[in-house]
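Structure first, then comments.
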Amino acid sequence: MRRPRGEPGSRAPRPTERVTYAGPGESWSPSPTSMLRILLSAQTSPARLSGLLLIPPVQPCYLGSSKSGDRPFGGGPVQGLQRLLEQARSPGELLRWLSQNPTKVRAHHYPVALRRLGQLLVSQPRPPPVEKATLQDLSQLIIRNCPSFDVHTIHVCLHLAVLLGFPSDGPLLCALERERRSRLPPKAPSPHQPAAHGGQRLETALSCPHFLRYPRQHLIRSLAEARPEELTPHVMVLLAQHLARHRLREPQLLEAIAHFLVVEEAQLNSKVVQKLVLPFGRLNYLPLEQQFMPCLERILAREAGVAPLATVNILMSLCQLQRFPSRALQFVFSPSFINHISGTPPSLIVRRYLSLLDTAVELELPGYQGPRLPQRQRVPIFPQPLITDRARCKYSHKDIVAEGLRQLLGEEKYRQDLTVPPGYCTDFLLCVGSSGAVLPVRTQDPFLPYPPRSCQQDQADSNPTTQGSPQRVVLMLRERWHFCREGRVLLGSRALRERHLGLMGYQLLPLPFEELESQRGLPQLKSYLRQKLQALGLRWGPEGG
């Protein structure tokens, strides 16, 4: 990758200097108070330029097919160029990184450059000078390459260009707007409707990483005010991703997504549907829309062989809702489907999801008669703590609970982060004798047999001290982020894990975050754990034999 040449001599333009933007067959000459002055003096428009800091960094987008599968093409040099753009110290350096490395530049680099330009102008007391040639060349680069941009990149560039002060009738915004309109589905003209629409406000709000600071009614109102043609798959996918990412279990918004999916069924492919269905499984919300499940079954029947990973993702979301379309299950467990995905880039993740689906069929569909996942294709489902738990380990109660159990029971009488067949990671596991005594784990087999015996499903909800054989008690941490935001509903993945462990015969002892947070120090926590264990009839120490 070529390094930019030395910084050219910088000169602040005179107040009367005019800047000309020449696009193909058009030109524009702004007045002295137009875009150049806005760019050169951040103090003159703090509200507009501060908006640039709310636009999230643009992630690489994959366009089209290639031999590399679904990964962003370009590898290290492409990501390295993005870092260099994000660290550029002047507008001139931004332009040189783009113009001198044409083989490394991808579509997502242009909004990165625009965003960095705004940061340079708003984050410094005296913004660096911007030469008219720099602005003209940057505009021309974007105009020349915007036909290859995906919809998301076009929208982000439009937002950034408006915030930077590029004129609405200038060549840059005109070119981007033409590209944006060319991607919209055909619609009848409506000259009597206003230009500002709820759909645009909705998309702008969803693109802001700090949106949670604003009332959610703003999002609901923007959705209600949007015209039907503005609620495109792109906008609805943004909404679905926003709800899933922030654990927002908003019935009105989720019902709107379900209705959109039903109405637009014929226009949606499985790769879009998997994103629209994601929040329902994650937020453990089954919509009231009566055609929701029939619609998904028809889409799965139509698209199952087109995109294997998308098909399995849809089934995973439905599995969290305890919904199992029989025909789709038979298809993904068929030898032809399994042979088709073998050797492909997403093979491992698909096999992991198929293993979970097979477990769900075993435990939750006793009457299922179709094909199953062959034993040789099965892999551990969740062989380690989930990513969210590892990312938030410093906020977790796991360490202090482990120390409380160590002082209360002794290290030999519990196991932490033990993965039990068919691949669920448990927080803490105890082995309990028929008398209720907590037994040393090393003297017992901590695993219950899988597939479980039929009688064990009947024992799952019974008291472990009444059984003749040793029982296994699993202490389940229920952290704050295991729930939907501001609610008492477990996320779909958490509810599924607890449901399956219970069906396999493990006795579950939940430890809710409210109770754990109310304990002040280790002595109180030990007393809390003692009460919890004794409520199950468990004994340990000298009195436990």
Side-chain angles (χ1 to χ4, degrees), residues 4 21 35-36 38-61 63 72 74 78-101 104-131 134-146 148-168 170 172-173 175-177 179-180 200 203-211 213 234 238 241-242:
Y21 290 84
M35 183 196 62
L36 184 59
I38 292 175
L39 290 173
L40 293 176
S41 177
Q43 290 81 2
T44 63
S45 55
R48 170 175 286 181
L49 288 174
S50 64
L52 288 163
L53 301 181
L54 298 180
I55 301 294
V58 180
Q59 299 300 322
C61 294
L63 302 176
V78 174
Q79 297 173 356
L81 178 59
Q82 177 165 338
R83 287 194 296 270
L84 292 171
L85 290 171
E86 291 170 343
Q87 298 168 5
R89 292 167 294 181
S90 70
E93 185 178 346
L94 278 173
L95 178 63
R96 285 192 297 279
W97 280 125
L98 291 173
S99 60
Q100 295 180 13
N101 297 278
K104 307 296 190 299
V105 177
R106 299 291 183 264
H108 71 275
H109 288 137
Y110 293 101
V112 170
L114 288 174
R115 186 174 186 272
R116 181 56 181 162
L117 177 61
Q119 290 175 333
L120 288 170
L121 297 174
V122 75
S123 61
Q124 302 179 20
R126 292 182 59 82
V130 184
E131 295 194 353
T134 298
L135 298 176
Q136 182 177 357
D137 292 346
L138 180 58
S139 295
Q140 290 300 318
L141 278 174
I142 298 175
I143 291 170
R144 188 161 58 245
N145 291 281
C146 68
S148 66
F149 292 0
D150 65 291
V151 174
H152 175 68
T153 303
I154 291 172
H155 280 264
V156 174
C157 282
L158 269 171
H159 292 322
L160 292 170
V162 170
L163 289 172
L164 280 168
F166 283 87
S168 59
L172 177 58
L173 282 179
L176 289 171
E177 181 63 20
E179 288 299 325
R180 185 189 74 84
Q200 294 175 358
E203 184 173 351
T204 301
L206 292 171
S207 300
C208 175
H210 303 295
F211 177 73
R213 298 179 182 177
H234 171 71
L238 282 179
Q241 292 173 336
H242 183 84

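The backbone N or O of H152 lies less than 3.5 Å from no partner atom in the side chain of H155, so there is not a single donor-acceptor pair. No donor-acceptor pair under 3.5 Å is formed between the side chain of R116 and the backbone N or O of L94.
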Evaluate E177 against R180 for salt bridge (Lys or Arg N to Asp or Glu O under 4.0 Å), listing each step before the verdict.
CA-CA 5 Å; E177 181 63 20; R180 185 189 74 84; 2.7 Å; yes
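T153 and D150 share a donor-acceptor pair across their side chains, judged by distance under 3.5 Å alone.
Counting only heavy atoms from C-beta outward, the side chains of Q140 and I143 approach each other to under 4.5 Å. Contact of the L95 side chain with the L141 side chain is registered, since non-hydrogen atoms from C-beta on lie closer than 4.5 Å.
For the atom pair CD1 of I142 and CD of E179, the computed distance is 13.0 Å after rounding to the nearest 0.5 Å. Interatomic distance, CG of L85 versus NE2 of H108, reported as 8.5 Å (0.5 Å rounding). To the nearest 0.5 Å, atom CG of residue L172 and atom CG of residue L138 are 7.5 Å apart. Interatomic distance, F149 CZ to L158 CG, rounded to the nearest 0.5 Å: 10.5 Å.
Taking all atoms of both residues into account, the shortest heavy-atom contact from P111 to V156 is CB-CG1, 3.8 Å. Nearest heavy atoms, L98 versus V105: O-CG2, 3.4 Å. Nearest approach of L81 to K104, heavy atoms of both residues: CD2-O, 3.7 Å. Heavy atoms only, all atoms of each residue included: C146 and L176 are closest at CB-CD2, 4.0 Å.
Note on R83 versus E86: no salt bridge recorded, every NZ/NE/NH1/NH2 to OD/OE distance being 4.0 Å or above.
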